[in-house]
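Down below is the structure, laid out as C-alpha cells.
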Amino acid sequence: MLFLDVLPADVLLQGLGDEAARFGRFVVNGLVVGSILALAGVGLTLVYGILRIANFAHGDFLTLGAYLTLYLTALVTLPRTLAWAVAVALVLVAFVAGDRFLRPWVRDRLQRSRGQVTADRRLARRWFSPRESRLLLFAALALIVLVAGVRFPISLPGGLSLLFVAVVACAPLVLEALRTGRGPQPTRTLGVWAGIGLLAGLAAHFLVPLQTGPGGWSQPAEIALALGVFAAGLLNSQRELVRRTLPVLGFAAGFVVLLYLFADLRILALAVSLAVVSAVMVLLELLMWRRARRQGAGLLTLIIIAIGLMLLLRNVIIIIWGTRQQVFPGTLLPRVPILGSDVGITPYQSLVVVVTLVAILAMHLFLRYTKVGKAMRALADDMDLARVSGIDVDRVVVYVWILAGALAALAGTLYAFTRPFDTNLGWFQVLPIFAAVILGGIGSPYGAMLGGFTIGLVMEVSPYFGVPVDYKLVMAFAALILVMVFRPKGLMGGGAAR
Amino acid sequence: MSEKRPEEDPEEEMHTRPAESFQPEEQERAGPPVREQMGDGRSGPGEAAGLLRDHGRYALGILVLLLALSWLTFDGGHPDLVLVLFVAFLAVTYRMVATSARLSHRARENLVFAALGGGLVTILGIISGWSNQFLVFTMTNVLIYAIFALGLNLEFGYTGIINFGHVAFMAIGAYTFAIFSTSMLDRIGLLMEPTITAGVVVVVLAAVAFLIVGVLVSILAERVMARSAHRVTASTHRQVTVFTGSVSGGAAAILVVLVVPFPMDAMWAQTMVVGAGVVLGMVLAAVAGVLLGLPTLRLRADYLAIVTIGAAEILRRAIRNEQWLTGGPQGIPQLPLPFPRASEQWEWLQHLSGALGIRSPWVLLLFLLVLVALGLVLATYTVLLRSPYGRVLRAIREDEDVAAALGKNVFAYKLQALAIGSAVAALAGGLLAWYRPFISPQTYEPIITFYAWIIIVVGGVGNNKGTVLGAFILFSFIEITRVLNLDENLGLSGPQGSALRVSLIGMLLILVMLFKPEGLLGRREELVLGD
C-alpha cells in the first residue's frame, strides 16, 4: 500500500486548482445521493416491474428505515468492554454451534442427495467460482485502498496505519499460501482465522490512532479490514459444500460482529431496521397487495392504494416520532480531504459510497447466481412466461418485498447518515427515485443502479453550473420527462415497460 | 359489502334465487333483481315509506345513534365515542339506503346523498352546539373542496386522465388572483381611493387579457387537431368550434358587463378586479393544463401520474423560492375581497345573517358566492357531459382505441378535459383564497391533491353528486375530529394530532379501494379503476 504515498493523484488534483476542487465537491455529493437513489431504485424497480405497482409509498419506507435505525441506536448503548465480551461470546457460540449442529446436518443432506446431481446443488457449487472469489478478494483490497484513501489524509501516521491494516488483512492468507504451497486450507484453520480477524480488529481499533472525533463513526479502515478478512474467508472456501458453508458462516458472523462493534451498535440497529421494514412490506403484501392482485386491480387502483399507504405510513411515523428534525451523531463531522486534495468527504459519506458498492455487488451476485434472484429477473422480464415455466409467483413476490424493504431501509439510513433529516426524507426522495427507475427502464435492477447514479449526479452537480439549489428537483424532473417522451422504455429497455 | 344482500329478508332471497342466473351482474351490485326491475324508473313518496318499512331497524338505529351523539356531546368529553358513533352512523345510513332493493339507481343516489348529507349536517350542528356561523363556515370549505374535486372528477372520472398534480392548478388560480388583484389595485390606488374610471380601466384590462388568452387557447386546440395524425371529422370540428365559441363567449360576457352602465362605485370596481383575477387565474390554469398535457398526455397512465405529481411539487417549490412574485414562504397577506362593503351597505344581507344568527355577514356572503360558483360548475358539467361531447369523453375513458377508431381525436379531447378541469381547480383556488383570506405555499401541499382523490373515490368516481358528498364526508370527518379535540384526548399534540387524522384518511383510501372501489354512489359497471 505504500504506493499510495507516491500516487500522483493528490498532486494532480491540487494542480487543477480551486475550480476543479469545487467541482469535485459537487461530484462527491452527486455520488453520495446517487448511491442512495441506486439502492432504493433497485427495490422499487423490481416491485414496479414485477407487480406493476408504482409504489409512491416507497420513499416513506426510506423514512421508516432511517427512523428505526436512529431509534434503535439510541435505545441500546452498551459499555465498550461489555460489547467486546458479547462479541467474542457470540463468535464462539456461532462457531461451536456450527461445528456441532450445522456440519453434521449438511453432511447428512449431502450424503442423501449424493448421486443425483440436482440443479440446486450444481447452482450451490458454483456460488463463487475460484476466479470470482479471487476477483472478490481483489475488490475487497481495492475497497481498503479506496476507503483508506478517501478517509485519511496521506501523512506519515496515516500511511503507516494503512500499511498495517493491509498487512494484517493479507498476511495470514499469504503465509498460509506460502506454507502449503497450494492455497490456504480452510477447515483446519477455521478457528485461527476467526481469531486473527478478531485480533486484527482489536489491534486496529486500539493501537492505530485514527479516531475521527467525539462520538464519531470509528474507522472505515476497520470495516475494510473486516471486509478483507471476509473475502479471504470466501476465497478459502472453495472446495466442497461442507468446507464452504462453515467458513462462510463463520466469517459472515465474524464480519457482522466486527462491524457491529466498530459501529457502536449502529450496524445491529441497521440490521434490525432492515428486518423490520422488510417485515412490514411482506405484511402489506399479505394484507392488501395480494388481495388487490387477486381482484385484478388495474394500474390506477394500485397507484391510489399506494398513495393511501403513503399517507398512512408517513403520518404513523409522525405520530410515533414527531416532525422534529433529527440527526445521527457524527453526521456533522468536518470533511476530510481525499488523497490530500481540496475535495473533502465526511466519514459518513465515504461509508455511504462503500456500503452501496458492496450492496450492489451483493445484489449482482444474488440476481445472477441464486434461484430466487433468477426467478425475480424472469418475472420482471415476462410474468406469464415465468409462471408457465413453473415459478411460484407468490413466493418470489414475497422475496421481492423482502429485498425491496431491506434496500429501502438501507438507503434511508444511509441518507440519514449524511444530513439532518425529518419525516419528509422519503417524500423528497421518491420523485428522484422514480426518475432513476424510469431512466434505467422499469424492471431492470441494473438500469435502476445506472439511473440512480445518473440522476444523483445530475441533481447534485447542477448547482455548480448555476442552477439554484432549490431547483435540483427540476433537473431530475427534466431528465425524467425527456426520457419518458423520447425513450419511454428507459436506457436499459426494461421488459415491463408496457 | 355490496355483495351481501340485506339480511332481514331471507325468504325474499329464496324467491329470487332463480333469477340470479339470468342477471348475475346486477345481482352483485344491488339487492334482488326482480325488485330492481320493479323499482326502476319509479320514484315518489311511496318509495321512502317502503324504505322505512324495509329498514325500520336501521332507521331506529340511526335515531338512537343521533340521540347518543347529542347526549355525549352535551355531556362533554367522550370524543372517541362520538367518533365511533359517527362512523357507525355512516355505515348504518349507507346500509339502510344503498342496499334497498326497491329503488332505482337514481333514486338510491338521491337518498344516499340526502341521508348522509343531512345526517352530517345534524352531527356538525350537534357538536358545535348548533352554531350557524360554524356550520356555514364549514359548509363553505366543503363546497370549495367539492368544486376542486369536481375538476378532478372531469379529468379522471369522465375522461380517465390520471392527475396527481391537481393542487398545482389550484395554486395557479389562487396566486394569479392574488398577484393580479393586489398589483392592479395598488397600481391605480384603488385600494385607498377607488374611482369609477379606475375600475373601468382594470376591468377592460382583465377582459382584454381574458380574450387574448382565450382565443390563443382555442387556436392552439385547433392547431393540435389540424396536425393530428387522425383525420379530423366534421363532428370533431364542431366540438372545437363549440369549445372556442364558449371561451370567446365568456370573454364577450365580460365586455357586456363593462358596457352596461351600472353605477360602478368602489365596491363594484374592486369586485370586478377581484373577479377578473379569478377568471384570469382560471384561464392561466387552463393554459398551464394544456402546456403540461401536450408532452405528457400521450404517456402511459403511471408515467402521467409521476409527471403530474412532480409538476405540482416543482410549482410549489418555485412559489416558495420566487420571492419577488409570490412573497416566498410568507405568501401574500390581506387579499382584496369581493364586495368589500357589502356587510355595511346591503341590508338584506344583514337581515339574513341576523335572522340566521351569524355574526359576520361576510361568512354568509362568501357561502352564497361559493354556492353560486358550485351551481355554475355543476350546470356547466351537466350541459357538457350530457351532450355528445360528454359521451366522447366517457368513450375515451372506457377505451381510447375504440374512440380513436370512431374518428375522435382522443388527444385533443383529453387536452380539453385537462384544461377545463384545471380551470375548475383554479376557480376553487380563487375561492379558497377568498375564504382564508391569505395565501402561502403551505396551503398547496400535495396532500390537497390527495384530498381531492379521496373525495372522488369515496363519493364514487365519475359521479358529480358523489363528489359533493365525498367532500362533505371528508371535511365532516376533519371538522368533527378537530372540534372534539380527538388528538389531545388521545395524548397527541399539534402536528401529531393532524397526522393521526391524515393517517386515518389514508387508511380509508386503501380500504375503499380494496373493498368498495366504486365508492358510495358510483356504478360498478362504469368503474374506471378496475381496468
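We use all heavy atoms of the structure for the numbers below, so side chains are in, but hydrogens, waters and symmetry mates are not. Naming convention: chains lettered A, B, ... in sequence-line order (proteins, then strands); numbering from 1 in each chain.
With a threshold of 4.5 angstrom between heavy atoms, A:Leu309 approaches chain B through its backbone and through its side chain. Heavy atoms closer than 4.5 Å to chain A are found nowhere in B:Leu508, neither backbone nor side chain. Using a 4.5 Å cut-off between heavy atoms, A:Leu480 touches chain B through its side chain atoms alone. Within the 4.5 angstrom heavy-atom criterion, atoms from both the backbone and the side chain of A:Ile305 approach chain B. Heavy atoms of A:Trp427 lying under 4.5 Å from chain B belong exclusively to its side chain. With a threshold of 4.5 angstrom between heavy atoms, B:Ile162 approaches chain A through side-chain atoms but not through N, CA, C or O. At a 4.5 Å heavy-atom cutoff, the contact between B:Ile447 and chain A is made by side-chain atoms alone.
We find the CE-CG distance between A:Met484 and B:Asp302 to be 7.5 Å, quoted to the nearest 0.5 Å. In this structure, CG on A:Leu312 lies 11.5 Å from CD1 on B:Ile505, to the nearest 0.5 angstrom.
Closest heavy-atom contact between A:Asn315 and B:Ser503: CB-CB, 3.6 Å. Looking at every heavy atom in both residues, A:Arg291 comes nearest to B:Leu514 through NE-O, 4.2 Å. Taking every heavy atom of both residues into account, A:Ile304 and B:Met513 meet most closely at CG2-CG, 3.7 Å. The two residues A:Leu311 and B:Gly506 have their closest heavy-atom pair at CB-CA, 3.9 Å. Taking all atoms of both residues into account, the shortest heavy-atom contact from B:Phe164 to A:Ile303 is CE1-CG2, 3.3 Å. Residues A:Phe428 and B:Glu313 approach most closely at CE2-OE2, 3.9 Å, considering heavy atoms.
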Between A:Ile307 and B:Trp453, is a side chain to side chain contact (heavy atoms under 4.5 Å, CB included) present by the stated rule, with each step listed?
CA-CA 10 Å; A:Ile307 294 273; B:Trp453 274 94; over 6 Å; no
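Listed options B:Ile309, B:Leu299, B:Thr296 were ranked by heavy-atom pairs under 4.5 angstrom with chain A; first place goes to B:Ile309.
No side-chain heavy atom of A:Val483 sits less than 4.5 Å from a side-chain heavy atom of B:Tyr303.
Side-chain atoms of B:Asn321 and A:Tyr471 form no donor-acceptor pair, as typed in the model, at a separation below 3.5 Å.
Other residues, nucleotides and ligands contribute over 12 non-hydrogen atoms within 6.0 Å of the CE atom of A:Met288.
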